[in-house]
Structure formats: structure tokens, C-alpha cells
Amino acid sequence: MEPARPAFVPDPSASRETMETLQREIAATATFSDDFGFDPAAVSTADTHTLDAITDDRTATSPSHDDQPIVVGVDQAFLDDRAVGAIVAFRGGEVIERAHAVVDLEFPYVPGLLSFREAGAILAAFERLDVEPDLAVFDGSGRIHYREAGLATHMGVTLDLPAVGVAKGLLCGAPQRSLDDLSEGTRVAITADDSVETADDTDTVIGYALQTRQYDSGNRYINPVYVSAGHRVGSETAADLVERLCNGYKLPEPTRLADSYADEVKRDHDD
DNA sequence: GCGACAG
DNA sequence: ATCTTGTCGC
């Protein structure tokens, strides 16, 4: 698929001020509430037809997931000064397509400007993707961002695709309570703090810390992931969707597969 | 000046 | 993100 809003495609050669101005426009254009055409409850990592087949032999003969939403996981890997963008498309718990692209890096990692470094590889990979996704899961923040325009928001708005961001670290914002030793399934709201310049109120919920996995016992603890709305998804729904996609793992299945696919591309791309 | 800081 | 062996725990 191609960008629905070409004007929002990040320009790595722009000035920092131009980049930040673009992010404010993106945040103003983003929809941080549900606006998608599928049933969130139908999103799953499990192959529902495998379960159906036990009691319904019609599905056992010709498994079809045409009625299921297509969820894509997007991830990046790096080799020297090139970036690998990898996309894995899921439908009904089954991989239906994979796409990737390798592009030269033109911009360094700067907290708050991640999309200007990684968008090239991501958008190039999306152009090679044939299926039309219903939802994209990005590895990074969405609304949890200084200008509420993190990678998931920037890509979601540019492609006009429902998107959520899943980050392993917190960029900004304030957890409403301690994130130590949370039990599995617990979510803690992340509210805007002074570093979030676009938020109307400090106290605006910009995302959730979600404990997708936790050890039953022992002295070791797993950290939560930070889920935030990217585009056309509300904060609560974003957390609901990510929870459904994790199934016992810390990260969503589409993200884990995109991650290993990116590594696979990196291995085989020796030239 | 000090601390924080997605990938 | 990336460079990397062993190791603790289920």
C-alpha cells in the first residue's frame, strides 16, 4: 500500500524545527478514538478455525479466514548504515504475507524523532505489501510522545491505517502508580507530563503500561510494555488489542514474527 | 549544571 | 537498535 497522505512522509533532510512542526500537524490530524471496520474481539493470535474444526467439519475441509481482520506487525533491524523494514501480515492466526525493504539510513537516532530515521524502510516495505491491513502494530510509541506523534502515529496517519504502538521503554509521560511487580493483565494509565507539549491537560491519558506477561513466582520480574494509540484507535482499545495479540508472551505475535523476519532478512542480505 | 531519553 | 556466554527458572 502507498501513503494516503504523501505530504506527511518524513523528510530526513529537513531541519529539526520542520520535523517538529510536521509532528504537530500529524498529531492534529490523528484520530485517537476507534475508527475501524472490524470486530476487536475477532483479533486473535489463535487460529479460530482450528478450534472450530473440532465441532464443525465444514471448516476442517477448507480453512478460510476471509472474515477475519488482517493485522500486520512492523519491525526494524539495522546493518551498518542501512535499515531493514519488515512486515508480517496475519489473518486468523496465520501468516498470509511478508514484505521487507532495505534502505540507506540518512538520519541518526534522536529521541522524539524516530520516524525520521525509520520511516523510509517502513514505507518502502508497505509499498511491497499486497494485502490491505486492517490494523498495524508498530514497535515504538504512538501517542506517548512529546508532540503525541510517535512512530505509530506518524505511520498510521501517513498511511491512514488504524495503528497502535508497542514500546519496551517509556519515552515520556507519568505512570499513575508504581510499575513494579505488576501481575499479568494489569494496566496502568500513563498521563501527559510537562514534556508533552501538545496535551491540553497534564493528566490526559496518552497510553498504558500493560503487563502482558509475568512469572507466577520467583524473584524475577518482567517489565510491562507501553501501549499507545497510533491512529484511528482509542487508548483503551489499543491496550485491549495488544492484550489479545500477546497470548502468554511479552510482545504481540505479529511483532515477534516481524522481529525474527527482520533478522532473517539481515542474515540473508549479505552483500 | 543534572537527569531523561521509543529504536 | 547492536555487540555477546552463560545461566537461572519454569
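Note that the coordinates shown come from a computational prediction; the quantities given were computed from them, not determined experimentally. Protein chains get the first letters and strands the later ones, always in sequence-line order, with residue 1 at the start of each.
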Response to the item:
Heavy-atom contacts, protein to nucleotides 3-10 of chain C, under 4.0 Å, summarised as B (base), S (sugar-phosphate only) or - (none) per nt, yield -----B-S

Discussion item. Strictly under 4.0 angstrom, non-hydrogen atoms only: write out the protein contact profile of nucleotides 2-7 of chain B, one letter per nucleotide from the 5' end, B, S or -.
Written reply: ---BBB

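In terms of modelled atom types and a separation under 3.5 Å, the side chain of A:D193 and the main chain of A:G173 share a donor-acceptor contact. The closest donor-acceptor contact from the side chain of A:R143 to the backbone of A:E148 lies at 3.5 Å or more, if one exists at all. Of the possible polar contacts, one joining the A:H231 side chain to the A:T31 backbone as a donor-acceptor pair under 3.5 Å is found.
At a cut-off of 3.5 Å, with distance as the only test, a side-chain donor of A:T186 or A:S183 sits close to an acceptor on the other residue. There is a side-chain donor-acceptor pair under 3.5 Å between A:E118 and A:Q76. In this model, a donor atom of one side chain and an acceptor atom of the other lie less than 3.5 Å apart for A:T237 and A:D34. Residues A:E20 and A:Y146 bring no donor and acceptor atom of their side chains to less than 3.5 Å of each other. Between the side chains of A:E106 and A:S13, no donor-acceptor pair of N or O atoms lies under 3.5 Å.
Note on A:E25 versus A:R5: no salt bridge recorded, every NZ/NE/NH1/NH2 to OD/OE distance being 4.0 Å or above.
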Worksheet item: Once Watson-Crick and G-U wobble pairs under 3.5 Å are found, how is DNA chain B written in dot-bracket notation, 5' to 3', with | for any base paired to another strand?
Response: .......

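Looking at heavy-atom distances under 4.0 Å, A:A77 makes contact with sugar-phosphate atoms alone, never a base.
Residue A:F32 is tested with A:T153, A:V233, A:V205 for a side-chain contact (heavy atoms from CB on, under 4.5 Å); the sole match is A:T153.
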